[in-house]
Amino acid sequence: MRIELIVNGTAREVSAPPNTPLLDVLRNTLNLKGTRFGCGLAQCGACMVLVDGEPVYACMREIGTLAGAQITTVEALDGHPLRAAFLAEQAGQCGYCLSGILMSAKALLDRNPSPSRADIVAALDRHLCRCGTQWRIIRAVERAASLLREKAVP
Amino acid sequence: MSASNLPLSFVNNPSPARWFRFDPDRTVHLAVGKVEIGQGILTALMQIAAEELDVPLAAIRMLAGDTDAAPDEGTTSSSLSIEVGGASLRLMAAEVRARMLERAAQRLNCAASELAVVDGAVYRNGAPTGQDYWSLAPDVDLLRPADGRTAPKPPSAYRVVGHSVPRLDLPAKISGAAFIHDMVRPNMLHARILRQPARGARLAALDETAIRRAAGGELQVFRLGNFVALLSPHETVAERAGAAAPLHARWENVRRLTSAQQEAAFLLGQPSEDRLIGDPPQPVSGEMVEARYTRPYLAHAAIAPSCALAESRGGHLSVWSHTQAVYPLRASLARVLNRPAETISVHHVQGAGCYGHNGADDVALDAALIAEAMPDHCIRVQWRREEEFGFEPLGSAMVIAVRAVLDASGKPIDWTQEIWSGTHVARPAMGGNMLAHEALPTPPPEPRPTDPPEAAGGGGTRNAIPHYAIPARRILHHLVPGTPVRTSALRGLGALPNVFAIESFMDELALRIGADPLAYRLEMLAEKPRAARVLTRAAEMAGWSRRGPGGNGHGMGIGFAQYKNRSAYAAVVAEVEAEREVRLRRLWCAADAGLVVNPDGARNQLEGGMLQAASFVLKEQVTFGETGVSSLDWQSYPILRFSEVPEIACELIEAREEPALGVGECALGPTAAAIGNAVAHALGVRIRDLPFTRERIASALLRL
C-alpha cells in the first residue's frame, strides 16, 4: 500500500503494509532514527511523535490510518528553544527517553506558552525516564517556555 | 606515585601511544577503555586530558571502548571510572606533556622547566616558540611505557577540571541518531530471539508455519540446539515473528517457579555459603536489640531493550555492543565460540542507561552466534520488551538482620549484620554464563556464584559494616547460590539494602532513647569529619530543626553512607507525606566526592541516583509466575513517574585537594534510608520491608 504523509513539513510517499507501525516507517524507511523503540506497548513514551500536533505513540499507530497526516519528529526541533533549554539544563543522562519527551513538551508549549509546573508534569506523565533526570527535564521545559515567551515579545 | 599504587588502567596500559595520538589536523585522538553508559564519563575524561595537556576541549576527539584501538580498562562499573580511569588518564597525559616538553627543550636548546604550553603550543617567557604538540609528535616516542613518575598539575592550577562542561553526547541524543539501535550496516538482517525459558529447557516442538504466518513477510528461522532466532530484512516482520514464537514453541524440562520464591524471605531456608567478616563474636554485656529488613528482586529496567550487531567477514567477527566491558566480552565470546580472541573485535556503541549487568553481553552473543553462521550479513538483534524484563539479570533480593548490643547510654557497642543474598556479580567474565550459551547443544556447566571480594568492595556485603564508631562490628554473610532467577550487578550491589538496614536501625536506636537521629549519628562520627560534614550540611539544607514530632502523616528522615566505606560520602534528607500511600515531597543531598571534575555532571549523577533509589523503594518488585519472571511490562513493573518526582537539591562539599571519588552509586543507599526514616517518622511506625506499598503501610498502621 502506498501512503502519503507529511513528515516534518515535507511530503513523503511510503510503500508499506497498512498495519506497519509508524515507528518502523520513520526509523527504517525514512531513516529518522530520533524516534525510539522502548516497549512497543504504548507504555513508556520513547516513541512519541506528533500527529497533526497531538502526541501519539508511534510504536502502536499503524501507518494505514495516517494518509495525509502531518507527522512531526524530534528531527524537526532544529532551532526550537526546547533544544537549547534541554542543553542549558543538561536535562538528560542516557538520553534515550528524551526525544519522546521533547515531542510531548512541544505539543504542550504549542497550545500553552505559559504552562505551570503541574501542566508540565501532566503533559509528561506518560513518559518514563530511568536515569532519574525528571527534575531537570521539568526545569528545561520551564526554561523553554520562558525562551519562547521572550521570542514572542517584539 | 610509586609503582605499587599506580591506578590499574595505567598499569595495564602503560604505553602512552595506547591512549594518545596527535593527528595532522591539530586534534588529539584520545582512546579510553571506560565507556559512556549514560553517566557522562567521556566528558569528564576529556576534561582531565585537556587539563593536563593544556589543549582546548574542542581539540580532543574521543574513542571509547574498542578492542582494536582503545586501552583495556576492564569493566565500566562500581563508580571507578573517575577514581581509576580518570587517575590513570591524568598520569598518562602528564607523562605525554612532559615528553613533549623534553623534546621541545632539546630543539630550543633550553631547559624544559622554562617552557609552558598554551592550547597545545609551546611558549617560552610568554612568547611562542614555533613548536607545538603536532610538530613535536613525530619526534616523540609515545610507545615507550610510562612509569607514572611525572607529577600531574596541582589542583590549585586547574582551569578545566572543576568546571561544569556540558555533556559531549547530549546534542546528538536530543536531535536524532545516537544509539546502537540506530546503526545501519550493509546487508543487515533484523533478528528476534525465541528464548529458552531457563537453563536445561529443551525445545520439543516449534511450529514454524504458524510463526511465518504471524510474521507476514520474508523470514528465516535460525536454530542451533535450543537457541532460535527469527530473521528478516524488515524489522516489523522480525518483531512479529519474535512476539509469536513463544506461543508456537513447546518446551520440555522447564523450571517451575512459585510466587513465594519472589519474596526475599524465601532465601532464609536455602542452602548457603557462609562467611564471617570483621570482629569475631564475643560475649558483651548490655541490652541486645534486633530487627530484620528486606528488599525484593529488582530489575535494571532500562528504557531501551538490549541490542547488538555482529558480522563475520573474511573470518573476522565484528561485534557492536553497549556492553560495560569490551575486552572481557571479547574473551567471553571467544570462549563460547571456541575461536581465538584476536579474530573478534568488540566496538562499544552507546545504549540506554546502564545501571549494572544488564542484557548487553547476552544480546551480543545472540548476534555473534547468528553472524558466525551467516557470513557477510550484519545481524542486528534487538530484544523485545518482555524479553528484557524476563531475562535480564536481576538485582538480588536480600534479607538483613541487624543485632546490636547497647551500652547504658543506648549506643551500640557490638554490631552484627547478618545477610542472606544471591550473588551480585555473575558477569560472563566473572563466572557467569551468557544466556544463549546455555541454549547451545553443549551448554556450559552451571555457574558457581561468587561475590566480589571485600577488597573490591564486596557484593552482598557492600557497605554492611556501619561507618559509625562502634567497638565491634561484623558481618555474617550467607551467599545463596540457588536463587530462583539469575542475579547480578545492579547499581551499588548490596550497598542500598545494607545502608537501608543500618540507617533504619540507627533511627530505631535513636528513637529508643528519645534522641534526635542526626545528633545520635554525629556523636558516633566524632573521628569522621567528612562524614559529619555531609550529614550536617544535608540537615541544614533541609531545615532539619523544623522536623517536628512526626506521627501526623508528615515526616522527615535522614540517611548517610560512605560508599564502600572508602569512596564518596553522601547524606540525604527526605520529606514525605504518608497516610495511605507515600508521597515523596523533597530530597536534599550533600556529598563529598573529593576533587570533582565536572560539578554539574556529578550533581546529575547524584540526582539520578536519588530518583532511582526513590523508585526502587517506593514502587519496585520483580514478580514470578509459573515459568519465570511475570513482571514483563511497565504496568506490572511500574517505576517512578513525573507526577511522583520530588523537588531535589544537591550540593557538593568543596574538597578539591582530596582524591576524586566516583558518585554514580553513593547516593542510593542514603536516599533509600532517608525515605524509610521519613516514612517511619510520618506514620509513627516502622516499615522494614521494601517497597513501601499501600498494603505494607496499611498493615504497619494496624501495628500502631
Side-chain angles (χ1 to χ4, degrees), chain A residues 16-17 19-21 23-25 27-28 31-41 43-46 59 73-75 77-78 82-83 86-102 118 120-138, chain B residues 36-40 164 166-167 169-179 181-182 184 190 216-217 234-236 239 243 300-305 350-355 382 384-385 600-601 604-605 607-615 633-635 639-643 645-648:
Chain A
N19 61 354
T20 306
L23 179 63
D24 185 9
V25 171
R27 290 183 56 83
N28 295 320
N31 198 32
L32 292 169
K33 300 288 190 182
T35 306
R36 296 173 186 140
F37 179 91
C39 63
L41 305 162
Q43 292 178 354
C44 76
C59 70
T73 71
V74 74
E75 284 86 355
L77 290 185
D78 215 3
L82 273 166
R83 219 178 252 181
F86 272 63
L87 292 176
E89 294 291 342
Q90 291 288 289
Q93 284 185 23
C94 85
Y96 199 86
C97 64
L98 289 180
S99 46
I101 287 172
L102 283 161
I120 295 170
V121 165
L124 302 185
D125 210 32
R126 291 187 290 180
H127 291 273
L128 299 177
C129 161
R130 183 53 159 169
C131 297
T133 60
Q134 289 96 335
W135 182 238
R136 285 174 178 246
I137 290 168
I138 292 166
Chain B
E36 183 63 53
I37 53 175
Q39 82 284 44
S164 294
R167 288 269 295 258
D169 50 335
L170 208 48
K173 289 173 173 178
I174 61 170
S175 48
F179 295 95
H181 308 76
D182 307 329
V184 177
H190 294 275
H234 307 291
E235 186 163 21
T236 293
E239 179 72 23
H300 298 84
I303 299 298
Q350 294 186 35
C354 165
Y355 321 102
Q382 182 176 294
R384 294 177 302 115
R385 172 48 55 190
D600 187 65
N604 202 347
Q605 280 296 290
E607 292 167 13
M610 292 156 73
L611 289 184
Q612 194 167 70
S615 185
D633 62 17
W634 295 109
Q635 269 163 8
I639 64 171
L640 203 70
R641 305 195 81 92
F642 271 88
S643 50
V645 166
E647 283 195 37
I648 300 182

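- Counting heavy-atom pairs under 4.5 Å between each of Gly353(B), Ala243(B), Gly176(B), Ala178(B) and chain A puts Gly176(B) at the top.
- Across all non-hydrogen atoms, the minimal contact from Phe642(B) to Asp125(A) is N-OD1, 3.3 Å.
- By the side chain to side chain donor-acceptor pair (under 3.5 Å) test, Arg126(A) is found to be paired with no residue, residues two or more places apart in sequence or in another chain being considered.
- Taking the side chain as every heavy atom from C-beta outward, Arg36(A) and Phe179(B) approach each other to under 4.5 Å.
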Would Asp600(B) and Gln90(A) count as a side chain to side chain donor-acceptor pair (under 3.5 Å) here? Give the steps. CA-CA 8 Å; Asp600(B) 187 65; Gln90(A) 291 288 289; 5.8 Å; no
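- Side-chain contact between Gln635(B) and Leu41(A) is absent, with no heavy-atom pair separated by less than 4.5 Å.
- Within the 4.5 Å cutoff, the side chain of Ile648(B) has no heavy atoms near those of the Arg136(A) side chain.
- Screening Leu77(A), Val74(A), Leu87(A) for a side chain to side chain contact (heavy atoms under 4.5 Å, CB included) with Ile174(B), the sole residue that qualifies is Leu87(A).
- Taken to the nearest 0.5 Å, the CD1 atom of Ile639(B) stands 7.5 Å off from the SG atom of Cys129(A).
- Summarising the geometry, atom CD belonging to Glu607(B) is positioned 12.5 Å from atom SG belonging to Cys131(A); distances are rounded to the nearest 0.5 Å.
- Between Leu170(B) and Ala91(A), the shortest heavy-atom contact is CD2-N, 4.2 Å.
- Within the model, atoms CD of Gln350(B) and SG of Cys94(A) stand 9.5 Å from one another, a figure rounded to the nearest 0.5 Å.
- A 4.5 Å side-chain heavy-atom check between Gln43(A) and Arg385(B) finds every atom pair outside the cut-off.
- For Asn19(A), the parts sitting under 4.5 Å from any heavy atom of chain B are the backbone and the side chain alike.
- Closest approach of Ser175(B) and Glu75(A) over heavy atoms only: O-CG, 3.6 Å.
- The most heavy-atom pairs under 4.5 Å with chain B, out of Gly92(A), Pro17(A), Ser99(A), come from Gly92(A).
- Using a 4.5 Å heavy-atom threshold, the side chains of Glu239(B) and Phe37(A) count as touching.
- In terms of non-hydrogen atom pairs under 4.5 Å with chain A, the most contact-rich of Ile303(B), Val184(B), Asn604(B) is Asn604(B).
- The main-chain N or O of His181(B) is found under 3.5 Å from a side-chain atom of Arg27(A) such that the two form a donor-acceptor pair.
- Between Gln605(B) and Gln93(A) there is a side-chain heavy-atom pair separated by less than 4.5 Å.
- Considering all non-hydrogen atoms of both residues, Leu640(B) and Gln134(A) come closest at O-NE2, 3.7 Å.
- Neither the backbone nor the side chain of Gln39(B) comes within contact range of chain A; no heavy atoms are under 4.5 Å apart.
- With a 4.5 Å cut-off on side-chain heavy atoms, Trp135(A) and Pro646(B) do not count as touching.
- Expressed to the nearest 0.5 Å, how far SG of Cys44(A) lies from CG of Asp633(B) amounts to 11.0 Å.
- Proximity to chain A (any heavy atom under 4.5 Å) is restricted, for His300(B), to the backbone atoms N, CA, C and O.
- Taking the side chain to side chain donor-acceptor pair (under 3.5 Å) definition, one finds that Thr236(B) meets it with Asp24(A), sequence neighbours left out.
- For Leu124(A), the parts lying under 4.5 angstrom from a heavy atom of chain B are both the backbone and the side chain.
- Neither the backbone nor the side chain of Leu23(A) comes within contact range of chain B, judged by heavy atoms closer than 4.5 Å.
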